[in-house]
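Heads up, the thing below is written out as structure tokens.
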Amino acid sequence: MDAFDLSTLVFVIFSLILTAIVYKRRSSNKTKLPPGSFGWPVIGETIDFLFSNPEKFVSNRMKKYSPDIFKTKIMGEKTAVICGPNGHKFLFSNEEKLFTSFRTHSMQRIFQSYQSNSPSPSSSPSPSQSTRVIIRQPGFLKPEALTRYLGEMDLITQELLKSHWEGRNEIKTYPFAKFLTLTLACRFFLGTNNTDRITKLVNYFDDITLGLHAMILNFRGTAFYRANKAAFAVRRELIGVIKEKKEEMANGVKMQDILCYMIVVTDSKGKFMPENEIADKIMGLLVAGYSTVATTITFLMKYVGQRSDIYEKILIEQKEIVAAKKPGEVLTWEDMLKMKYSWNVICETMRLTPPLQGTFRQVLTDFTYAGYSIPKGWKVYWTASSTNKNPAYFQNPEQFDPSRYEKRDEPTPYTYVPFGGGPRMCPGKEYARLAILTFLHNVVLKYKWELLAPDEKVVGDMMPTPEKGLPIRLHQH
């Protein structure tokens, strides 16, 4: 080949490459991505997301870019954050159509058995989706099932208040709330009330919760390292519980909890679920039923402790319920329906301090929202806090006002969604409601309290935590 032919060939190849680049850029320009920034290479905006508080992270970018949607890169993923009531409605209406659940990479590593061999999320149920199917099929979390458990929930709460609060002038609310909620969750999900085992699990679950949205840095001192280590310990403990439960069932013990059901359920091929997978699913349920309920109880005590007028209204309502009951009679479903004001107080607690900042979804197919295109494979981040403190939806949003839920114009649809919505609405909503109301009922009837650190700092990223554990001084009636 002479020099002319060689130069011609190089020119043709160069022209083809240049044409391909231009075509690719023009094609990509047709995709109008949401406004925003992907941040730094590799880590994106993850550090700002985790350490500046996710609620503040979202609020700042809604003001800077768009109140409807913005793009970012967090937890290693290109992510669209969809905001506001219209965003809530759009997300809830398109679950398993446009997106499916997504566990962050730290979650996937911590919950080891969820690393399936399936080719894509669209071809098989996600881990959390399959867990929801398991607990919904036998109806464990339906009101009729919870009603049978309510009396025991009441007695457990009374017993723990007596053993941990009676005779003491000061207590730390948050550690107690965690022990109470884990005790209830273990009794309900595992069918166990072994206090030594529960005490051992509390610290492990703290570490797991903190590591679920941590950066994957697996060396001593990091949140992810501690979470991984804690998950291993919990998994080992739960496998021990599973073996004990199998032995009891073989000896004729009747199936009465979620763990028993998971042991006997089979897939479409008639295969039983492996013990490791059962342990991970139960661990996920315990984490969900432990941290969010404990957080709500803690901040409920904080807000009520600051407002004696609200405390008195709760007390009047609870005394009316007791007056209609026989001495020593436990709470019933009908009693719960009468606790309307108490529930409004709890709702206001969750509005001001959401127990969970948000969740992720994976985009199954390209879609358009608010005039912007979101490509398949991206992630979507959903958070209730994009509306909770917006004055357009809640008058005086920083004010603790339970009466706002009695007004016809508040809250506007899709502005208050602490449990999500649509097919992925939290299946444990009723369980959480009963657990918190039962606690509130028993506490106000016996105690009044004052905050010992009223200006206590709230720390934590995805899970708000009072820095000193919310210390209170008790005054018994």
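The figures here come from the full heavy-atom set of this structure, side chains too, leaving out hydrogens, waters and symmetry mates.
Looking at Ser66 and Tyr372, their side chains never bring a donor and an acceptor atom within 3.5 Å of each other. Side-chain contact annotation: Thr332 with Asp335, donor-acceptor N/O pair under 3.5 Å present.
Checked by atom type and distance alone, the side chain of Arg351 never pairs as donor or acceptor with a backbone atom of Phe394 at under 3.5 Å. Between the side chain of Ser106 and the backbone N or O of Ile216, no donor-acceptor pair lies under 3.5 Å. Remark: the backbone N or O of Trp382 is not paired with any side-chain donor or acceptor of Arg361 at under 3.5 angstrom. A donor-acceptor pair under 3.5 Å is formed between the side chain of Glu456 and the backbone N or O of Leu470. At least one donor-acceptor pair under 3.5 Å links the side chain of Thr222 to the backbone N or O of Leu217. Remark: the backbone N or O of Gln357 is not paired with any side-chain donor or acceptor of Glu55 at under 3.5 angstrom. The backbone N or O of Glu77 sits less than 3.5 Å from a side-chain atom of Thr79, completing a donor-acceptor pair. Side-chain N or O atoms of Ser163 include one that pairs as donor or acceptor with a backbone N or O of Leu160 at under 3.5 Å.
Contact detail for Gln318 and His441: the closest heavy-atom pair is OE1-ND1, 2.7 Å. The two residues Leu331 and Asp154 have their closest heavy-atom pair at N-OD2, 3.0 Å. Ile208 and Ala230 make their closest contact through CG1-CB, 3.8 Å (heavy atoms, listed as atom of the first residue, atom of the second, distance). When all heavy atoms of Lys245 and Cys260 are compared, the pair lying nearest together is CD-SG, 3.4 Å.
No side-chain heavy atom of Leu190 sits less than 4.5 Å from a side-chain heavy atom of Asp257. Using a 4.5 Å cut-off on side-chain heavy atoms (C-beta onward), Glu275 and Lys243 make contact.
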- Message: Determine whether Glu159 and Lys162 satisfy the following criterion, salt bridge (Lys or Arg N to Asp or Glu O under 4.0 Å), listing intermediate values before the conclusion.
- Response: CA-CA 5 Å; Glu159 181 184 330; Lys162 183 177 181 180; over 6 Å; no
- So Arg197 and Glu244, salt bridge (Lys or Arg N to Asp or Glu O under 4.0 Å) or not? Walk me through it. CA-CA 13 Å; Arg197 177 171 270 157; Glu244 292 170 15; 3.1 Å; yes
- Output, in order, the C-alpha distance, side-chain angles, deciding distance and verdict of salt bridge (Lys or Arg N to Asp or Glu O under 4.0 Å) for Arg473 and Glu170. CA-CA 4 Å; Arg473 180 172 290 119; Glu170 298 178 6; 3.1 Å; yes
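In Trp333, the CH2 atom is crowded: over 12 heavy atoms of neighbouring residues, nucleotides or ligands sit closer than 6.0 Å. For NZ of Lys89, the number of neighbouring non-hydrogen atoms (other residues, nucleotides, ligands) closer than 6.0 Å is 12 at most.
Ring-plane geometry between Phe90 and Phe99 is classed as perpendicular, the angle between the planes exceeding 60 degrees on a 0 to 90 degree scale with a lower cut at 30. Ring geometry, Phe92 versus His88: the interplanar angle falls under 30°, so the pair is classed parallel (tilted spans 30 to 60°). Ring planes of Phe49 and Phe57: perpendicular class, angle over 60° (limits at 30 and 60°).
Between Tyr311 and Trp449, the gap from one ring centroid to the other is short of 6.0 Å. Ring to ring, Tyr431 and Phe189 are close: their centroids are under 6.0 angstrom apart. Taking the six-membered ring for Trp and the full ring otherwise, Trp378 and Phe38 have centroids separated by under 6.0 Å.
Atom OH in Tyr369 sits 5.5 Å away from atom CG in Asp68 (nearest 0.5 Å). Rounding to the nearest 0.5 Å places CG of Leu184 at 4.5 Å from CG of Leu180. Taken from CE in Met301 to CZ in Phe439, the straight-line distance is 4.5 Å, to the nearest 0.5 Å.
The cationic atom of Lys178 (NZ for Lys, CZ for Arg) lies less than 6.0 Å from the six-membered ring centre of Tyr174 and within 45° of the ring axis. Taking the ring centre of Phe111 as origin, the terminal cationic atom of Arg103 falls inside the region bounded by 6.0 Å and 45° from the ring axis.
By the side chain to side chain contact (heavy atoms under 4.5 Å, CB included) test, Gln476 pairs with Lys446, Tyr447, sequence neighbours left out.
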